[in-house]
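Working notes for the structure below.
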Amino acid sequence: MAGAEIAAQAAFKTALRRFTSTICLITTEWEGARYGMAATAVQSVTADPPTLLVCINQSASISGPLKLAGKFAVNMLHLNHAPLVPLFSGKLKGEERFAHGEWITAGGVPVLGDAQAAFVCSLNSAVSVGTHDVVLGEVIEARFIENIAPLLYEDGKLVRSAALIDAAA
């Protein structure tokens with residue numbers, strides 16, 4: 001890679017740190033083994049049919065099993081799930097990750113029982129873009145808790161949201 005390309009890529013990565021994103025755990029199960037990873041590249045696509053988009057590095061351990069299973073969950077983290085982020089970001093591997101948190105099975109995939117919100121998805125399609133797959137999943141089940149306090153990621157740190165204006169005012 002030429003020096004200008006490296007500089008442009010570094011600037012791109014630095015600029016991306018200005019995005020604030022909800023942290024999610026993407027999970028699936030294939031042949032009796034559970035797989036999971038932390039992700040911020042998650043977005044709603046459409047409400048009809050309800051569809052989510054997730055970007056997954058092709059080198060991630062979940063990449064192949066998710067496509068083979070044809071189903072996955074998007075578990076949106078609550079503030080109290082901060083300890084799970086490093087575990088699903090490489091500190092632990094495979095099944096060890098699921099020894100932490102309150103996991104249940106829904107739609108044949110692992111779901112964090114007390115997630116801010118959780119979406120069980122059926123794989124619609126996956127398109128390769130560079131090092132990643134852009135995965136579209138049709139939501140077949142959605143669940144959530146009432147207390148809204150999503151765990152966010154901004155500039156390399158875990159952060160929380162705060163209202164700008166008091167709704168009662």
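One is the number of the first residue; the rest follow in order along the sequence.
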### Summary
Here the ring-ring contact (aromatic ring centres under 6.0 Å, His included) pairs for residues 84-112, sequence neighbours left out, are Phe88-Phe98, Phe88-Trp103, Phe98-Trp103
Can you name the side-chain contact (heavy atoms from CB on, under 4.5 Å) partners of [X], sequence neighbours left out?
X: Lys13; answer: Gln9
X: Thr14; answer: Arg18
X: Val134; answer: Leu53, Cys55, Val129
X: Ala82; answer: Leu151, Leu158

Value rounded to 0.5 Å, distance of [atom1] in [X] from [atom2] in [Y]:
X: Leu52; Y: Cys121; atom1: CG; atom2: SG; result: 4.5 Å
X: Ser59; Y: Ile62; atom1: OG; atom2: CD1; result: 12.5 Å
X: Arg97; Y: Leu25; atom1: CZ; atom2: CG; result: 9.5 Å
X: Leu123; Y: Leu136; atom1: CG; atom2: CG; result: 8.5 Å
X: Ser21; Y: Leu16; atom1: OG; atom2: CG; result: 9.0 Å

### Task
Only one of Val42, Val111, Val139, Val109 passes side chain to side chain contact (heavy atoms under 4.5 Å, CB included) with Val74; say which it is.
Val42
Applying side-chain hydrogen bond (donor to acceptor under 3.5 Å, both in side chains) as the test, list every pair that has at least one member in [range]; sequence neighbours left out.
range: residues 44-55; result: none
range: residues 134-156; result: Arg17-Asp155, Thr20-Glu154, His78-Asn147, Glu141-Arg143, Asp155-Lys157
range: residues 26-36; result: Thr27-Asn75, Arg34-Glu95
range: residues 104-125; result: His81-Asp114

Test item: [X] and [Y] side chains (from C-beta on) under 4.5 Å apart, heavy atoms:
X: Leu84; Y: Leu112; value: yes
X: Ile23; Y: Val85; value: yes
X: Met37; Y: Ile56; value: yes

### Message
According to salt bridge (Lys or Arg N to Asp or Glu O under 4.0 Å), does anything in residues 116-133 pair up with another residue at least two apart or in another chain? List the pairs.
### Response
Lys67-Asp133
### Set of ring-ring contact (aromatic ring centres under 6.0 Å, His included) partners for Phe119, sequence neighbours left out
none
### Query
For Thr131, what residues pass the side-chain hydrogen bond (donor to acceptor under 3.5 Å, both in side chains) criterion, not counting sequence neighbours?
none
